[in-house]
Chemist: 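Just passing along the structure, written as C-alpha cells.
Just the heavy atoms: all of them, side chains too, but no hydrogens, waters or symmetry mates, feed the values below.
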Amino acid sequence: MSLKGALLLLATVSFTVTGQILMKKGVTAAGNLTAKTALASPFMIIGILCYISGFLVWINVLSILPLSIAYPSSSISYVLVIFASAIVLGEPLNIFKAIGIAFILAGVFFISRS
C-alpha cells in the first residue's frame with residue numbers, strides 16, 4: 001500500500017468515524033428526529049459534511065488502491081467507532097466487543113499483507 005493511499009484511507013476513515021459520532025450526538029440531542037430538527041442541529045450538519053468529505057476522499061482512495069485492499073481496510077472505522085463511542089458517548093466496552101475488534105484488526109492485517 002502506498003503512503004498516499006494509506007493517508008487517504010486514513011482520512012476517509014477519520015471523516016467516517018467523526019461523522020458517525022457527530023450524527024449520533026445530533027440524533028440524541030434532537031430527541032424526535034425530523035428533517036427540520038436534523039437540519040437545525042449543528043452536530044448533524046457537521047456530521048453530514050464529514051460524510052460527504054469522506055465520500056470525496058474515498059473516490060481518490062479507489063483511484064489509487066485496489067478495491068480488494070481498500071474496502072476491507074476501511075473496516076478499521078468499525079474499531080475506531082467503538083472506541084470513540086466509549087470515549088465520547090460513554091457507551092460500554094466489553095469483552096465481546098474487544099474480541100470482535102481483535103478479529104477485525106487481524107483481518108485488516110492479513111488483507112494488507114496480500
Side-chain angles (χ1 to χ4, degrees):
M1 184 181 310
S2 69
L3 179 60
K4 182 178 180 181
L7 290 174
L8 287 172
L9 186 60
L10 179 63
T12 299
V13 167
S14 298
F15 280 126
T16 300
V17 171
T18 303
Q20 285 289 341
I21 297 299
L22 289 173
M23 287 189 289
K24 173 63 176 173
K25 287 183 72 77
V27 166
T28 302
N32 185 15
L33 187 65
T34 64
K36 184 178 179 180
T37 59
L39 294 175
S41 167
F43 290 123
M44 289 295 290
I45 292 169
I46 296 170
I48 291 167
L49 290 175
C50 283
Y51 249 55
I52 293 168
S53 299
F55 171 75
L56 295 174
V57 176
W58 178 247
I59 293 169
N60 287 306
V61 169
L62 294 178
S63 72
I64 295 170
L65 298 176
L67 183 60
S68 62
I69 292 175
Y71 193 68
S73 296
S74 71
S75 66
I76 198 77
S77 65
Y78 302 144
V79 172
L80 296 177
V81 164
I82 292 170
F83 286 127
S85 296
I87 294 167
V88 177
L89 304 173
E91 294 182 2
L93 184 61
N94 58 39
I95 189 70
F96 296 110
K97 288 180 184 176
I99 292 169
I101 288 168
F103 280 120
I104 292 169
L105 292 176
V108 170
F109 173 77
F110 288 119
I111 287 169
S112 69
R113 295 278 149 216
S114 61

Chemist: Count I, L, V, M, F, W, Y as connected when their side-chain heavy atoms are under 4.5 Å apart, and connections chain through other members. Are L9 and L67 then in the same cluster?
Modeler: yes

Chemist: Just jot down the side chain to side chain contact (heavy atoms under 4.5 Å, CB included) partners of S75, sequence neighbours excluded, or say none.
Modeler: Y78, I104, V108

Chemist: Which pairs would a plain distance check flag for residues 52-66, meaning a side-chain donor or acceptor within less than 3.5 Å of a matching protein atom at least two apart in sequence or in another chain?
Modeler:
| from | atom 1 | to | atom 2 | distance (Å) |
| --- | --- | --- | --- | --- |
| S53 | OG | L49 | O | 2.9 |
| N60 | ND2 | L56 | O | 3.4 |
| S63 | OG | N60 | O | 2.7 |

Chemist: Does L80 have any side chain to side chain contact (heavy atoms under 4.5 Å, CB included) partners at least two apart in sequence or in another chain, and if so, which?
Modeler: V13, V17

Chemist: Using every non-hydrogen atom in the two residues, find where G26 and S41 come nearest and quote the distance to one decimal.
Modeler: CA-OG, 3.6 Å

Chemist: Is it possible for you to say whether I82 and V79 belong to one hydrophobic cluster, with membership spreading through side-chain heavy-atom contacts below 4.5 Å?
Modeler: yes

Chemist: Among residues at least two apart in sequence or on other chains, which ones pass side chain to side chain contact (heavy atoms under 4.5 Å, CB included) with I46?
Modeler: L22, C50

Chemist: Between V88 and K24, does the side chain to side chain contact (heavy atoms under 4.5 Å, CB included) criterion hold? Intermediate values first, please.
Modeler: CA-CA 10 Å; V88 177; K24 173 63 176 173; over 6 Å; no

Chemist: The criterion is side chain to side chain donor-acceptor pair (under 3.5 Å); which residues satisfy it with Y51, sequence neighbours excluded?
Modeler: Q20

Chemist: Could you give the distance from CZ (F15) to CG (L10), rounded to the nearest 0.5 Å?
Modeler: 10.5 Å

Chemist: Looking at every heavy atom in both M23 and M44, which two are closest together, and how far apart are they?
Modeler: O-SD, 3.4 Å

Chemist: Could you go through residues 93-102 and list every donor-acceptor pair under 3.5 Å that involves a side-chain atom there, pairing it with any protein atom two or more places apart or in another chain?
Modeler:
| from | atom 1 | to | atom 2 | distance (Å) |
| --- | --- | --- | --- | --- |
| N94 | OD1 | F96 | N | 3.1 |
| N94 | OD1 | K97 | N | 2.9 |
| K97 | NZ | P92 | O | 2.7 |

Chemist: Are Y71 and I69 in one and the same hydrophobic cluster, where Ile, Leu, Val, Met, Phe, Trp and Tyr link if side-chain heavy atoms are under 4.5 Å apart?
Modeler: yes

